[in-house]
2 protein chains.
Amino acid sequence: MKVDEIDLKILKILQQDGRLSNAEIAERVALSPSPCLRRLRRLETEGVIQGYRPQLNRQVVGLGMTVFVQVKLHDHSAESVTGFEDAVREMDAVVNAHTVSGSADYLLEVVAEDLIDYDRLVKQMQRLNMVREIESNFALQAVKTEAPLPLKL
Amino acid sequence: MKVDEIDLKILKILQQDGRLSNAEIAERVALSPSPCLRRLRRLETEGVIQGYRPQLNRQVVGLGMTVFVQVKLHDHSAESVTGFEDAVREMDAVVNAHTVSGSADYLLEVVAEDLIDYDRLVKQMQRLNMVREIESNFALQAVKTEAPLPLKL
DNA sequence: TTTCTTTTGGCATTTAATGCTTTTGTTTGA
DNA sequence: TCAAACAAAAGCATTAAATGCCAAAAGAAA
């Protein structure tokens, strides 16, 4: 799918405030509401916009602990890989997960209420038999979170 | 600020779709629209909801490369720390940044168009004189991204 | 129970979303 | 160059939602 300049403008505006009304977006991109809404819907339908999320204050909702977890597996067999990835997708505390280059196989971002809660999660992960090693790096301070993507133009 | 059960329900619903109308949210939490909107506005005003973001398909918008970057500084003097953190906040390619426990001082999530683009960013970071060491871990595959936070109840 | 406080509901008004039709603008091709 | 064909935007009427105000209900405190 092709994303033209106006589409990019719409995306940039939405990244500033993902709940702006179509009417407001339309005004800012100098279109009337109907073509603007058509564009927005198309961006959603075509999967350029995959959804909308509120940015929650994790402290306030009781998830003040963020941990970056590096995981190594024993092997990369299909069973191990899909087994681990399915498990990760099931774990609600894991909010981001990627396979990565470097010494670890996976890098996860995990949220927890506190150390006790986090400990439960690590133990749960250790019980997965394809997991060889887990290294936890605790987020101490957020310098920048969920910044908008730097869209060209 | 206190977040009661209904507020949590509202947050959970919004995490499913951050652009749902207040009318729809109201119906799902079994309130009439006006008190529901008051609650939503309060969550926003009080900073429980810090904003709304569209989840963009990074591939489509030309930012298909995600890199997790571990940075070590030469020292932890106030000048080094604030200098580095200010620089990071200025770099649009850095979408997340935390200080972390472990051998690195910072863990950054960086987006780039391609390796050339990423190289520019690394060089820019290397020019910061408080930076001692940079280790890049390239995201190879996304297993889970921006999952909703596991809110209690 | 009475009073005070907080929250909800109802309603009228203003805005916005939506679907359809018309208009405008562009590209193509004789 | 002009006309035909196509794509995108604008206009508009209708439906739905947001908003602000005031009355009613539910809770808490005395």
Side-chain angles (χ1 to χ4, degrees), chain A residues 1-63 146 148-153, chain B residues 1-63 146 148-153:
Chain A
M1 128 146 212
K2 38 192 170 163
V3 175
D4 70 14
E5 205 164 305
I6 298 179
D7 291 325
L8 271 181
K9 271 194 195 176
I10 292 174
L11 296 178
K12 289 189 80 163
I13 290 168
L14 277 173
Q15 283 200 124
Q16 296 307 121
D17 180 354
R19 256 179 98 87
L20 277 183
S21 70
N22 173 63
E24 176 69 22
I25 299 167
E27 185 167 334
R28 296 202 198 172
V29 299
L31 273 185
S32 66
S34 37
C36 186
L37 185 63
R38 254 199 309 281
R39 282 169 176 275
L40 180 55
R41 291 291 179 258
R42 192 177 63 111
L43 290 167
E44 292 167 349
T45 307
E46 303 284 313
V48 180
I49 298 175
Q50 299 176 319
Y52 298 90
R53 284 281 155 76
Q55 298 178 285
L56 302 185
N57 183 323
R58 294 183 181 184
Q59 215 70 46
V60 173
V61 299
L63 294 168
E146 293 176 64
L149 297 181
L151 302 182
K152 299 301 168 191
L153 218 173
Chain B
M1 131 147 213
K2 37 190 168 161
V3 175
D4 69 14
E5 204 163 305
I6 297 178
D7 291 324
L8 271 181
K9 270 194 196 174
I10 292 175
L11 295 177
K12 288 188 79 163
I13 290 168
L14 277 172
Q15 284 200 124
Q16 296 306 121
D17 179 354
R19 256 179 97 87
L20 277 184
S21 70
N22 173 64
E24 176 67 23
I25 300 167
E27 185 168 334
R28 296 203 197 172
V29 299
L31 273 184
S32 66
S34 37
C36 186
L37 185 63
R38 257 197 307 281
R39 281 169 176 275
L40 180 56
R41 291 291 178 259
R42 193 177 63 110
L43 290 166
E44 292 166 349
T45 306
E46 303 283 314
V48 180
I49 297 175
Q50 299 176 319
Y52 298 89
R53 284 281 155 74
Q55 299 178 283
L56 302 185
N57 183 323
R58 293 183 182 183
Q59 215 70 47
V60 173
V61 298
L63 294 167
E146 294 176 63
L149 297 181
L151 303 181
K152 299 301 165 191
L153 220 172

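Reminder, nothing fancy here: chain letters follow the sequence lines and each chain counts from 1. Below, all heavy atoms of this structure are taken into account, side chains as well, without hydrogens, waters or symmetry copies.
For A:E24 and A:R28, the salt-bridge test passes: some basic side-chain N is under 4.0 Å from an acidic carboxylate O. One finds a salt bridge joining B:R39 and B:D4 here, because a Lys/Arg side-chain nitrogen approaches an Asp/Glu carboxylate oxygen to under 4.0 Å.
For the pair A:E27 CD and C:dA17 C1', the interatomic distance rounds to 16 Å; values are reported in whole Å. Summarising the geometry, the separation between CZ on B:R42 and P on C:dT8 is reported as 9 Å, rounded to the nearest angstrom. For B:D4 and C:dT6, the CG to P distance is 15 Å, given to the nearest whole Å. Whole-Å rounding puts the A:N22 CG to C:dT15 C1' distance at 12 Å. Put simply, CG on B:L20 is 15 Å from C1' on C:dA17, counting in whole angstrom units. Rounded to whole angstrom, the span from the CG atom of A:L37 across to the P atom of C:dA17 amounts to 7 Å.
A:L151 contributes atom CG, which lies 10.5 Å from atom CG of A:L14 (distance to the nearest 0.5 angstrom). Atom CG of A:L37 is separated from atom CG of A:N22 by 4.5 Å, given to the nearest 0.5 angstrom. To the nearest 0.5 angstrom, A:T45 atom OG1 is 12.5 Å from A:R38 atom CZ. Distance check: B:L20 CG to B:Q15 CD gives 12.5 Å after rounding to the nearest 0.5 Å.
Contact annotation: A:R41 side-chain N/O to C:dA17 OP1/OP2 distance is not under 4.0 Å.
Chain B approaches DNA chain D within less than 4.0 angstrom (heavy atoms of the protein), and the contacting nucleotides run 5' to 3' from D:dA17 to D:dG20.
Between A:R38 and A:A23, the residue whose closest nucleotide on DNA chain C is further toward the 5' end is A:A23. For the pair A:L31 and A:R19, both in contact range of DNA chain D, the more 5′-proximal nearest nucleotide belongs to A:L31. Residues B:R39 and A:S34 both approach DNA chain C. Their nearest nucleotides, taken by heavy-atom distance, put B:R39 toward the 5′ side.
B:S32 comes within 4.0 angstrom of a base, heavy atoms only.
Two residues are said to be in side-chain contact when any heavy atoms from C-beta on lie closer than 4.5 Å; A:V48 and A:D7 fail this criterion.
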